Amino acid sequence: MPSEGEFDLQEELQNVQNPSDYEIPHEHDPSNEDPARLLEVAVESTAESSDTILHPEIFDIYRSLLKHIRVLPTNLLTKLLDSICSGFQSELDGTVRDIEDGIGQDEGYARRKVALEMYGFLLAWFSGSVGMKESRDGEDGPAADIGVVPAKGKRGGRAARGGRNAAGRKGAAAREGWNWADHIPQALALVSKVLRVQTQRIWTTTAERDTFVSCLVRPAYHVTESEQYMKVHEIKMAVYKVICLAVKHHGHSLAVQIHIIQSLQFYEHLSEPMAECLSILAKEFDHAQLGDEILREIAQKTFNAQDNKGPRAFAKFLVKFAELAPRSVLKQLSLLSAQLDSDSYPMRIALVEVIGHIIIELSSSIGVQDNSSASATKQIVDLYDTLLERMLDLSSYVRTKVINVLIRLCDMKHKFPKQRLAVTEAAVVALEDKVTSVRKAAVALLVKLLATHPYGIVHGGHLAIEEFQEGYNKVKEELDKLESSLGKSVETQDGEEDEDTETEGGKKKHKKGKKSQRDEDGMDVDGGGDTEPEDDDDEEEDEDQDEDEDAMAVDEGDEPESSGRPKKSKKGKGKLKPRKSQIDVVAMNNEQAALAALESNTHQKLKLRKKYYTEALAFIREIEGAMEKIVNLLASTSKPEVQEAIEFFRMAHEYRFESAKVGIKKMIHLVWSKDNNAPTTEDGKELKGIRPKLLECYRSLYFDPVPDLDAKAQINRIAKNMIERTYDATLAELTSLEEMMRIMMDEGQVHQDVVTRLWKVYSSDKNLPQAQRRGTILILGMLALAKRSVLNNHVDTMLRVGLGPLGKADILLARYTCIALQRLNGSAKKVKGSLLDNTVRYDIDNQIFHKLREAIEHPSRSRDWFGLAEQAINTVYALGEHPDVFCDDLVKRFTRRAFARKSQPKSDSQDDGGDGQTQGKGKEKEKDPDAMDEDEPSPTAHVSQGSSNSGEDGKKDVGDAFELSQLVFIVGHVAIKQIVFLELVEREWKRQKDEKTVEKQAKGGDKGPSKDLAEELDQVAGNAEDEIGDRIAAVREHELLYGPDSLLAVYGPMIVHICGSPHKFKNQTLRAAATLSFSKFLCVSSQFCDQHHRLLFKILETSRDASIRSNIVIALGDVAVSFSNIIDENSNELYKGLSDKDLVVKKNTLMVLTHLILNGMIKVKGQLGEMAKCLEDPESRIADLAKMFFSELSTKENAIYNNLPDVISHLSVGDHAVDEETFQSTLKYIFQFIEKEKQAENIVEKLCQRFRLTDDPRQWRDIAFCLSLLPFKSDRSVKKLIEGLQYYRDKLHEPVVYERFTEILTKARSNKSKDKPDSELNEFEKILEEHRRQGEEDEALQRRVEGKKAAVKKRATRKTTRKKVQEQPADSD
């Protein structure tokens, strides 16, 4: 019986660990007795007197109810807990009174002690049992270590257990509305009260006191095991209070330390709560020793690289504790830093974050003028160095975390300029990291460094290098002048004279011992800001307004460093006083001393300003150096990385980095990005697509309104920015800009007032720059792609301006106007198979076509005329009802002009032609290689006349070569556009036929035709459509170029004659135009193509003009689409372009071949090796295109596998062979697409057989290398290799060959399953070694034999020589 002398708390706690074996002398079974009545007896007894718990009968009732707690209803649970807590509270109050009154010693304290232990025991049992009960009832309660097993009872048996299970289910149904979490704060509050009692007065021995305290803290431990409970703030704070009181007042530190370490190992959710608990213990209870002990224990732990759960929990604990109590962690940092070399990367990540929190904490104490400031600064510098060292960590996760910590440190009040420069350098280096997450974080760090830079004092926030360089030169000049006048009267003490000397590379030299804080203070000496940049006055003309300064004014206002500067300036001045130069009293009198003091103060200010400019220039140059690398990141396949790069260029542009314009122009191509994937999340945030991010960036830079501008100025600014986007833009950039403008117009982001303003600029009578008016009509044409209404009401304006006097003076303006006019017919995409045509067409007598004819016929000798003629003809075919009538008349007019008899040829024709050729080459070099406009030739800039027929007789007719070039160009372009027009005619005929069929069905009555009749009608309609298609094909094939009434038929032989007679027609413009037209004629008729296509290949082979060769390559692609069988027979000629010296020709050839091969237009006949050579091309664009080709080709069924033997042969042997290094890198890339094991087996067999066909050691090495690239994942591949031993055993003496087979063995062993023996591979290895040794012996023997043969031959030669010498004297005798 548990009386005051018999109740042993330690023993009871131990016994209750297994409730099924826990014996109660007066046990009551609630399934047989009424639990309510039992509880009522106990409650009445304890309510009368709390010490009745000492009565065995009462105590056993409580224990019985707790043992069978699963069957108790809800109301009894609450009543049971209230009874235990009230009795505990009453007993506690009595104990406190006894201690305060000084009574109850000995026997009285003994009774109080036992009663308190009993109540504590019951409360601990209740908390554990209820937690387990709720866990079994479906709650997220903890798994308790007491009361975890349901009681079996004394009788046991299946029936008894079944009855109790039924009772348990009944009790569980009755407890549905009861929640233990509602009662936890009350119970833990009571425990906290008990822990405030002076237990040493009652428990005289340490063991007893520790047992009682452990019993009291146990409910708190039970609660911590539940993640759901620890999310409730009230419960969490109650747990913290219990643990802190136990540690502070009862020496429970060791037990809590053990519990926390175990909790971190088994309960990951307790990492942050335990850190919070230790923080509260240190701050509110002034007990930091426990935290120090735990940190020391963690520092001594060794974590395994394969274990993720344990290290991650400890890492979260360290990070949270460093965030809440960084000073406590700082004391143990010397021990914790050992974890920076831990094998577990989560621990290294944690230490990086810990260092970040410590740096933030230390920086907050720097502003205090005491001795700790210098110490904190030194510690911060050391910690920065540690962080930068971790940038070289092997784990990309650690490197990324370092950068993220550095980003957070950028927001500190103190900037530490020297450390920021080091961070900037590290970020620039990280841009070339192989892991995309690191590169993305590095870009984000550079963005943050820009946004928080400390160099916004003098120039208002922006970082234009010209202004800073000018300021640096000015300060340096003033400083040199002052130093020369100061002489030797002042002796400087700080030795800072040469510290800030700027080298040519933009770097700076620092002396040791200078604090970064002093640098920062020095930057604010000139904090008056009297050199604020002044915005230029805006022009009065609306179209010429420049809003760049206004845009930057907005950015300057957001500069984060603008606040708090005056205070820092004062501190800076205060620090500078002791550093003033000392006056040499011996050298001067008092007046000179005063003057020297003034000059010395000025001298210090100039030196600090020089330091400011030096550091600013170093930072700016680092950012400038990162631009090219970040431009390359725009092509990354990682969406977050590309978005960060976009944000960087937006930020750099706002801070006026000149080189940011390159990235801004480059990123516009991202408008074609397809964001098909679901938005990914990073740090809990949804990422936008690349295209929305790009549009947002461009809008913020150019198209969004800015503050402090009226409506008119806003419209002028937006319109001006739109126009400026077209300046110096390549064809590819204009195409991307067109898509961007279309999207913005579709989404309603372009205000109508902006469109109106653009029309005013276009139609202005003022003398505007040509580029401005051109850009205006380009933008209007782009906007019209989305809404045709942009142009509908302004046709007369376009005809008056673009095709009027201004257009005749500016050919490019006329050309862009023609492009805009083409948008009038609508740009709706045609639905495949649909016969509907919603385009708008005008009568050929419309004013539009008269103006177009005038524009084309206007005399011009500029190469830009060809672009105008091309777009004008395109406009005629896009808008004209009968474009063939217009073009018929146009061709005749130019024929009369070209062949009209001239009075006499100009004497300078040949000279002009030569000059034009030179100019044309210059322009061709400047042309963007991405702009592949085959319709625009590369003739000379301004070509005069040349001889179209050069004969010996000077009296022959001589025509103007440029006019003949114009005629030839028009004829060729009309031919290609006529084909497109015939397709439209075919579709229109089919549409009319379809409408007639529908009308006939409607007239036939309401009843639909029968099934058989419907099928017959469909068949008839299909036959009719086939007839229409055959008729159009016949017109194209036989009438356009061979019809008796065809105008184009007249010019076919003439163009062939010009192209085939380069010795007669030497003018480059004429040859380029004729070649281009000839290419277009080949696309018209297969008969013409079959007769003359060899001439085109001959020109491709012999022409020295790169632009002509480039155009021919593109034209051959079009011809191959039209007549693939003709080009397929001569595809070898097309592959020769891959070895062309000109980059544009090579690039165009590769792109054309990629298109033709991937779309099945031509068959690959062993020429894939030439494509493979491009993989290692020194030009990155060529290599990237080749990689894209093979990547796409790998998606075709067995395409790479089937051509792999030819590729190996092509690159290894023969005239096309490459060096071994190139061969290996090329094949290494291609072999990664061999993934099927069956393919690998066949390749092993084929490569082994190749050994017997060659005696060249180079080919042995190549074949062995290819074998080593295969995966050898299956036993069949190894078996094939072993079976082929007979083919390569005599080649194993070659060291490289044997090394490759050794690599294969290693790979095969790594892929072999562990349960299979390696006997076969071991035997194969021995055979290889034996044949290698035998081969070396044979080689050595052969060398000896050859050596002996050579020696014998040499001796025979000497013997013969001696014999001849002996015979010569005999002959002379």
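These numbers were taken from a predicted model, which means no experiment stands behind them. Basis for what follows: all heavy atoms, side chains included, without hydrogens, waters or symmetry-related copies.
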Listed partners of [X] passing salt bridge (charged side-chain N to carboxylate O under 4.0 Å, His left out), at least two apart:
X: Arg853; result: Asp889
X: Lys474; result: none
X: Lys661; result: Glu658
X: Asp746; result: Arg742

For [X], give me all partners under side chain to side chain donor-acceptor pair (under 3.5 Å), at least two apart in sequence or on another chain.
X: Asp845; value: none
X: Arg439; value: Glu641
X: Asp704; value: none

Sidechain-backbone polar pair: [X] side chain, [Y] backbone, donor-acceptor under 3.5 Å:
X: His453; Y: Gly461; result: yes
X: Glu733; Y: Thr730; result: yes
X: Arg691; Y: Val671; result: yes
X: Arg823; Y: Gly781; result: yes
X: Thr875; Y: Cys818; result: yes
X: Glu739; Y: Trp672; result: no
X: Asn473; Y: Gln469; result: yes

Is it true that, when you exclude [X] itself, more than 12 heavy atoms of the residues, nucleotides or ligands shown sit nearer than 6.0 Å to its [atom1]?
X: Asp710; atom1: CG; value: yes
X: Lys808; atom1: NZ; value: yes
X: Glu857; atom1: CD; value: yes
X: Glu628; atom1: CD; value: no
X: His850; atom1: NE2; value: yes

Measure the spacing between [atom1] of [X] and [atom2] of [Y] and express it to the nearest 0.5 Å.
X: Ile873; Y: Cys887; atom1: CD1; atom2: SG; answer: 5.5 Å
X: Glu738; Y: Ile668; atom1: CD; atom2: CD1; answer: 11.0 Å
X: Leu812; Y: Gln871; atom1: CG; atom2: CD; answer: 11.0 Å

Partner residues of [X] under the side-chain contact (heavy atoms from CB on, under 4.5 Å) criterion, sequence neighbours left out:
X: Leu431; result: Ala442, Val443, Leu446, Ala626, Lys629, Ile630, Leu633
X: Lys693; result: Gln643, Ile646, Glu647
X: Glu881; result: Arg841

Centres of the Phe648 and Phe657 rings: under 6.0 Å?
->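 Centroid distance Phe648-Phe657: not below 6.0 Å, so no.
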When you check the side-chain N and O atoms of Ser659 and Glu624, is any donor under 3.5 Å from an acceptor?
->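 A donor-acceptor contact under 3.5 Å links the two side chains.
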Do His462 and Glu654 have side-chain atoms, one donor and one acceptor, less than 3.5 Å apart?
->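 No.
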Determine, stepwise, if the pair Asp411 / Lys448 fulfils salt bridge (charged side-chain N to carboxylate O under 4.0 Å, His left out).
-> CA-CA 8 Å; Asp411 290 324; Lys448 194 68 175 180; 3.0 Å; yes
Non-neighbouring partners of Tyr702 that pass ring-ring contact (aromatic ring centres under 6.0 Å, His included), sequence neighbours left out |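 Tyr702 satisfies ring-ring contact (aromatic ring centres under 6.0 Å, His included) with His653, Tyr698 only.
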For Trp759, ring-ring contact (aromatic ring centres under 6.0 Å, His included) partners two or more places apart |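 For Trp759 the ring-ring contact (aromatic ring centres under 6.0 Å, His included) partners, ignoring immediate neighbours, are Tyr762, His794.
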Presence of salt bridge, Asp864 and Arg815, under 4.0 angstrom |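 No.
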